[in-house]
Novice: 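Dropping the structure in here first, questions after.
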Number of protein chains: 2
Amino acid sequence: MTSSDRPLPTKDRLIQAAARLFRRYGYNGVGLNDILEAAKAPKGSLYHHFPNGKTDLAIAAATWASDGMLRTMAASFENADSFEAGFATLCHKLAKLFELSGQSDGCPVSGALFDGPENEDFRKTTDHIFEGWISEAEHYAIRFGDNPDDARRKAELLFMLIEGGWTMARAKRSSDVLRHLPEKLAAL
Amino acid sequence: MTSSDRPLPTKDRLIQAAARLFRRYGYNGVGLNDILEAAKAPKGSLYHHFPNGKTDLAIAAATWASDGMLRTMAASFENADSFEAGFATLCHKLAKLFELSGQSDGCPVSGALFDGPENEDFRKTTDHIFEGWISEAEHYAIRFGDNPDDARRKAELLFMLIEGGWTMARAKRSSDVLRHLPEKLAAL
DNA sequence: ACATCACTAGACCAATCGGTCCAGACCTGT
DNA sequence: ACAGGTCTGGACCGATTGGTCTAGTGATGT
């Protein structure tokens with residue numbers, strides 16, 4: 001039923017198992033053996049599909065997770081009639097996903113890459129992925145009539161609130177942090 | 001000159017070296033030998049001062065770093081004449097500190113503890129420390145005349161924006177993300 | 001039937017991990 | 001001078017780490 005069943009090709013099983021584990025335990029908190037066991041793959045397969053080993057796999061996992069996030073964003077803003085409504089829907093979806101993870105999974109990209117070594121490739125990939133999320137949100141804001149400057153600011157605000165929300169939700173083990181995120185802006 | 005000179009007692013040297021390294025590389029990204037070398041202390045001293053080893057040291061390091069953050073917050077809001085002004089000063093101070101770290105140090109508490117194992121002690125400590133920051137900000141908001149509900153919301157907003165700002169600043173290697181954080185709120 | 005190639009399987013490796021242990025150095029009070 | 005504690009120094013340990021290597025399997029095209 002879930003997306004990690006056996007029929008998936010080995011490479012995809014590796015990517016998804018890695019994404020799930022990195023997200024929860026961080027890059028350095030996950031050993032190759034953990035990933036291999038979760039993906040039911042031998043070590044030889046890993047190094048066949050990812051010649052550079054763990055680092056390649058982490059980048060693939062973060063990229064795969066980012067695609068999921070972009071789809072969630074698109075689904076949230078698709079039928080929204082304002083930026084704020086889309087943001088609220090997104091927060092509810094993220095809260096639901098957070099619950100399904102056992103209230104413990106934060107940003108999949110930070111988990112897979114930040115935690116990693118002082119690695120410039122990792123940093124660039126992270127920046128690129130985050131920029132993708134922000135510019136996606138920026139487009140939504142523009143579509144709803146914001147001028148470019150305001151749109152960019154709103155998009156960055158959305159990004160930072162979600163990242164901070166993930167952090168706080170993990171610490172509190174509460175999906176409500178994410179769910180009630182939009183209302184926080186009302187205090188201004 | 002810096003606070004990590006030799007005259008400091010061994011225990012303090014261990015705490016500060018650990019805090020610095022955990023913040024940059026994460027809990028699992030730092031080995032005991034790294035800390036020992038940075039603190040110029042032998043292994044025996046570490047396990048004398050912290051019988052439970054790495055976990056104890058991480059909690060002590062996060063707590064020490066949290067005290068610094070609380071002092072920075074107090075210094076920012078002390079002479080401010082509004083919550084927004086205090087927030088802006090805080091962001092500038094954090095941006096400066098981020099620059100001094102070589103544009104790579106994020107939240108010291110997430111680095112030391114989140115990254116750690118699925119450890120309930122770590123999670124509780126993180127929650128406790130974060131709650132300390134938020135309630136501190138909440139007091140400032142109340143002092144400037146906000147009603148309790150708005151104050152709490154503002155404080156949580158401040159916290160999440162700073163956490164998200166740290167994440168984005170690391171990805172972009174730019175302290176401007178933190179520095180210009182307050183202006184982002186103007187887009188609403 | 002055979003060759004080819006993509007892929008799997010896992011034994012194996014040096015390096016590093018967090019942690020234990022104990023001998024001795026250094027203080028203190030008597 | 002001696003005793004008792006605190007603290008230091010580092011050798012040592014089993015487990016685990018990411019990574020290498022080679023033998024073998026299975027599908028495909030000819």
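Chain A is the first sequence line, chain B the second, and so forth, proteins listed ahead of strands; every chain is numbered from 1.
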Novice: Measuring only between side-chain heavy atoms, which start at C-beta, is A:Thr55 closer than 4.5 Å to A:Tyr27?
Specialist: yes
Novice: When you measure from the centre of the six-membered ring of A:Trp166, is the NZ or CZ of A:Arg23 closer than 6.0 Å and no more than 45° off the axis?
Specialist: yes
Novice: In whole angstrom, give the distance that lies between atom CD of B:Glu37 and atom P of D:dG9.
Specialist: 15 Å
Novice: Can you check the B:Leu46 CG to C:dC17 C1' distance for me, whole Å?
Specialist: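 Result: 14 Å.
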Novice: Can you pull every protein N or O that's under 3.5 Å from an N or O on nucleotides 17-20 of chain D?
Specialist:
unit_1, atom_1, unit_2, atom_2, d
D:dG18, OP1, A:Val30, O, 3.1
D:dG18, OP1, A:Lys54, NZ, 2.6
D:dG18, OP2, A:Leu32, N, 2.5
D:dG19, OP2, A:Tyr47, OH, 2.8
D:dG19, OP2, A:Lys54, N, 3.2
D:dG19, O5', A:Tyr47, OH, 3.1
D:dG19, N7, A:Lys43, NZ, 3.2
D:dG19, O6, A:Lys43, NZ, 2.4

Novice: Over how many whole Å does the gap from A:Lys40 atom NZ to C:dG10 atom C1' extend?
Specialist: 17 Å
Novice: Using whole Å, what does the distance between atom P of nucleotide C:dT20 and atom CZ of B:Phe50 come to?
Specialist: 16 Å
Novice: State whether B:Lys124 and B:Asp121 are salt-bridged, where the test is any N-O pair (Lys NZ or Arg NE/NH1/NH2 against Asp/Glu carboxylate O) under 4.0 Å.
Specialist: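 The answer is no: the pair does not qualify as a salt bridge.
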Novice: For A:Arg24, check salt bridge (charged side-chain N to carboxylate O under 4.0 Å, His left out) against everything at least two apart and list the hits.
Specialist: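 Listed in chain order: A:Asp105.
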Novice: Looking only at side-chain N and O atoms, does A:His48 come under 4.0 Å of OP1 or OP2 in C:dC7?
Specialist: yes
Novice: Using a cut-off of less than 4.0 Å, is there contact between a side-chain N or O of A:His49 and OP1 or OP2 of C:dT8?
Specialist: yes
Novice: Roughly how many Å is it from CG in B:Asp56 to P in C:dG18, rounded to a whole number?
Specialist: 14 Å
Novice: Please collect all salt bridge (charged side-chain N to carboxylate O under 4.0 Å, His left out) contacts where either partner lies in residues 129-140 of chain A, sequence neighbours excluded, each pair once.
Specialist: A:Glu131-A:Arg152, A:Glu131-B:Lys172, A:Glu138-A:Arg152
Novice: Within the structure, does a side-chain N or O atom of A:Thr10 lie under 4.0 Å from either OP1 or OP2 of C:dT8?
Specialist: yes
Novice: Looking only at the side chain of B:Pro42 (C-beta and beyond, no hydrogens), which of the listed nucleotides D:dG9, D:dC7, C:dT8 gets closest?
Specialist: D:dG9
Novice: Given the side-chain rings of A:Phe77 and A:Phe83, with only the six-membered ring counted for Trp, is the space between their centroids under 6.0 Å?
Specialist: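 Between A:Phe83 and A:Phe77, which both carry aromatic rings, the centre distance is below 6.0 Å.
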Novice: Mind calculating the distance between CG (B:Leu36) and P (C:dT16) to the nearest angstrom?
Specialist: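 So the CG-P distance, B:Leu36 to C:dT16, works out to 15 Å.
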